[in-house]
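First up is the structure itself, then whatever we jot down about it.
Start at 1 and go down the list; that is how both ligands and their atoms are numbered. All values below were derived from every heavy atom in this structure, side-chain atoms included, with hydrogens, water molecules and symmetry-related copies excluded.
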Amino acid sequence: MASIPSPHTARLNSLLSSSSVNHNKPSNLSFLHASSNPSSIKLLHSVSPSISSSSTTVICNVLKTVESADISLSRDLHGVVSTSKPTILVSEKLGEAGLDLLKSFGNVDCSYDLSPQDLCAKISLCDALIVRSGTKVTRDVFEAAQGRLKVVGRAGVGIDNVDLQAATEFGCLVVNAPTANTIAAAEHGIALLTSMARNVAQSDASMKAGKWLRSKYVGVSLVGKTLAIMGFGKVGSEVARRAKGLGMHVIAHDPYAPADRARAIGVDLVSFEQAISTADFISLHMPLTPATNKVFNDDTFAKMKNGVRLINVARGGVIDEDALVRALDSGIVAQAALDVFTVEPPPKDSKLVQHENVTVTPHLGASTKEAQEGVAIEIAEAVVGALNGELSATAVNAPMVPPEVLSELAPYVVLAEKVGRLAVQLVTGGSGIQSVKVVYKSARDPDSLDTRLLRAMVTKGIIEPISDTIINLVNADFSAKQKGLRISEERIIVDSSPEYPVESIQVQISNVQSRFASALSENGNISIEGRVKYGVPHLTRVGPFSVDVSLEGNLILCKQVDQPGMIGKVGNILGESNVNVSFMSVGRTVKGKQAIMAIGVDEEPDKDTQKKIGEVSAVEEFVFLKL
Ligand SMILES: NC(=O)C1=CN([C@@H]2O[C@H](COP(=O)(O)OP(=O)(O)OC[C@H]3O[C@@H](n4cnc5c(N)ncnc54)[C@H](O)[C@@H]3O)[C@@H](O)[C@H]2O)C=CC1
Ligand SMILES: O=C(O)C(=O)COP(=O)(O)O
């Protein structure tokens, strides 16, 4: 087997084999730059040896013309080839470096402070939307997008302002920028902790009001005090490190945090009850989810030490704000320092904001120059990557696949989709499929092969021909469930080279009738198997018959009595109808008995031609399949 192609060559390959063109979909300039030079021509040959040099030159000339006309081609997340620049709506302020990157790729519309109605009105003209915490991306927005919106980029961490379920149902990828503002948020947490302990905000305000109140603003010391970090993730860990430097005793509660990370920082992981009942200071760093919504409420405040101090740079919604006002009034909570609120901005007369023991900032955790530049670049790269059809390492509602794994799996991803697409076309009527099994043969240890991506692509291949929705990695599982389709997986460990992730992918569809009976294996399931050879997906088995044809163009499968001259007979009929044959392969179980002939054709033969093939005396059945 030849070496596995790079993501560029794989994309090129899939672009060349794609037949769909959409004029309103995103572009891929970098792809064009990579593909219209001599080394790419070589690359093209190495991936698709069947492409002649003249075709390659033509392709590259077309690409150059397209490039000079500032039109571009790409295959997006939906697998659609595009010819125009994508439109990216940026609905909140984003760092310049990120905007520059976006502008070099697409048309960027910076429209800040849109009302929900205006956002819905604009969104159907946009391929991507970039938001911060101030834009609510609701189901209405996805509905209004009418299928055009492919990616929502959250320029920050928290994605509680995006309706993820709706995004998934509409096949829209959501990506975030999870790392660039970690330090900023942690530093803001520490700023709130220290300024609260020393009444910095209150005493500043009183001095500006002409007062000099030294005894009123006596603070509390931090050294030796216990700080409970609730949510020991990226921000929580950085707050812990800094608090250790201030001489605090740090404990943390996080049901999912690894103990070794805590140990390395010198932090004790404890239960929720233990954390809140022993801490002098409690700092919140968990995401807002249904499980954390109002987790700090009357009951939990009652369990805290009298005079506890609370810091929140996570999300306002994790606190029941009315209960916090009560806890502040009763003295259970001595002070609170809050950067985030259930409703932002909070009402002007909010009792919480106005409380004299509360210090507030207007959601400034991520607002440093450094963090905003970092976040902007992080999200711009993720959105551009997604519009280019790449899988994102920061996907929130799709499998996250590290780039090196993706590059290795690229040709198998194409294979998975094609095998699924072929198998479903063999089902009589197409619908009514309930149970599909995907069998991977691999020499790899099961733990070192992540098949989520392959399963999603098989699902895409199966569902798309029998549905009117575009299926992608985001909505594949959801759409399968909606159609009552159960997709199971089986791994067979084979004794071959573990250098390649997968030896073969087989799709079995059970309890259905086939319009090509020869595709049924002994157990009565439709069974189609493929392999990657020289970087190109090949069909290698149909039911019990071995074949060997590359999965490009369209395919005719013929079952015939194994006898000489069959290739010539069928080939002649196709030739007379001007149907170009790209390859042929015959597979049989026993010599002289039935055989299967697989014929690759560029065009779909018309009805008359198909009838003539059916009338060849030795042909028992045949089927035309679109790849
Ligand atoms: N104020 C601001 O401007 C900023 C706010 N944030 C907020 O901070 C949160 C944390 O950010 P990161 O640390 O980057 O995220 P992260 O994902 O690295 O950490 C979150 C941690 O919370 C833990 N967690 C989940 N459920 C929990 C529960 N019920 N109890 C305790 N822990 C739980 C998770 O296991 C994870 O370790 C974000 O979700 C976001 O809402 C983040 C950045 C800036
Ligand atoms: O990253 C986060 O979760 C934040 O809360 C930062 O929000 P922002 O982007 O500043 O609106």
Item to check | Set of residues that line ligand 2, where lining means a heavy atom lies under 4.0 Å from it | outcome: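 Lining ligand 2: Arg132, Ser133, Arg154, Ala155, Gly156, Val157, Gly158, Asn181, Arg315, His363, Ala366.
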Which protein non-hydrogen atom lies closest to [atom], naming both residue and atom, and how far is it?
atom                    : result
atom 8 (O) of ligand 1  : Ala314 CA, 3.9 Å
atom 43 (C) of ligand 1 : Asn181 OD1, 3.4 Å
atom 38 (C) of ligand 1 : Val157 CG1, 3.9 Å
atom 31 (C) of ligand 1 : Pro255 CD, 3.4 Å

At under 4.0 Å between heavy atoms, is it the side chain or the backbone of [X] that contacts ligand 1, or both, or neither?
X      : result
His285 : backbone
His253 : both
Phe232 : backbone
Ala185 : side chain
Asp254 : both

Checklist entry - Is the shortest distance from a heavy atom of Gly156 to ligand 1 less than 4.0 Å? => result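 Contact absent.
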Checklist entry - Does at least one non-hydrogen atom of Ala291 fall below 4.0 angstrom from an atom of ligand 1? => result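 Ala291: no contact with ligand 1 (<4.0 Å).
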Checklist entry - Step by step, would you call Phe478 with Gln165 a side chain to side chain contact (heavy atoms under 4.5 Å, CB included)? => result CA-CA 10 Å; Phe478 173 80; Gln165 180 59 33; 3.6 Å; yes
Distance-only polar pair, side chains of [X] and [Y], donor-acceptor under 3.5 Å:
X      : Y      : value
Asp163 : Thr138 : no
Thr168 : Asn475 : no
Ser283 : His285 : yes

Checklist entry - So Phe170 and Phe142, would you call those rings parallel, tilted or perpendicular, with 30° and 60° as cut-offs? => result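 Correct class here is parallel.
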Item to check | Enumerated ligand 1 atoms positioned under 4.0 Å from heavy atoms of Tyr256 | outcome: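 Atoms satisfying the 4.0 Å criterion: 25 (C), 26 (N), 35 (O).
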Next on the checklist: Pair Thr87, Arg148 - check side chain to side chain contact (heavy atoms under 4.5 Å, CB included), show working.
Outcome noted: CA-CA 10 Å; Thr87 297; Arg148 171 133 178 210; 3.9 Å; yes
Next on the checklist: For a side-chain hydrogen bond (donor to acceptor under 3.5 Å, both in side chains) check, start with the C-alpha distance between Thr179 and Glu378, then their side-chain angles and the critical distance, and finish with the verdict.
Outcome noted: CA-CA 8 Å; Thr179 58; Glu378 200 178 1; 2.8 Å; yes
Does [X] have more than 12 heavy atoms from other residues, nucleotides or ligands lying within 6.0 Å of its [atom1]?
X      : atom1 : result
Asp445 : CG    : yes
Lys103 : NZ    : yes
Arg486 : CZ    : no
Lys481 : NZ    : no
Arg198 : CZ    : no

Item to check | Lys/Arg-Asp/Glu bridge criterion (N-O < 4.0 Å) met for Arg455, Asp477 | outcome: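 Here Arg455 pairs with Asp477 in a salt bridge, since their nearest N and O are under 4.0 Å apart.
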Next on the checklist: Could you check whether any side-chain N or O of Arg261 sits under 3.5 Å from a backbone N or O of Ala257, counting only pairs where one atom can act as donor and the other as acceptor?
Outcome noted: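 Between the backbone of Ala257 and the side chain of Arg261 there is no qualifying donor-acceptor contact (under 3.5 Å).
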Next on the checklist: For the backbone of Ala366 and the side chain of Gln372, can you confirm whether one donor and one acceptor N or O come within less than 3.5 Å of each other?
Outcome noted: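 Present.
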Among [options], which one puts a heavy atom closest to [atom]?
atom                    : options                        : result
atom 33 (C) of ligand 1 : Met286, Arg261, Lys234         : Met286
atom 25 (C) of ligand 1 : Gly231, Gly233, Pro258, Pro287 : Pro287
atom 41 (O) of ligand 1 : Arg315, His363, Met230         : Arg315

Quick check: [X] and ligand 1, any N/O pair under 3.5 Å apart?
X      : result
Ala366 : yes
Thr292 : no
Val235 : yes
Asp339 : yes
Val313 : yes

Checklist entry - Per the side chain to side chain contact (heavy atoms under 4.5 Å, CB included) rule, which among Leu125, Leu119, Thr135 passes with Leu89? => result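 Among Leu125, Leu119, Thr135, the one meeting side chain to side chain contact (heavy atoms under 4.5 Å, CB included) with Leu89 is Leu119.
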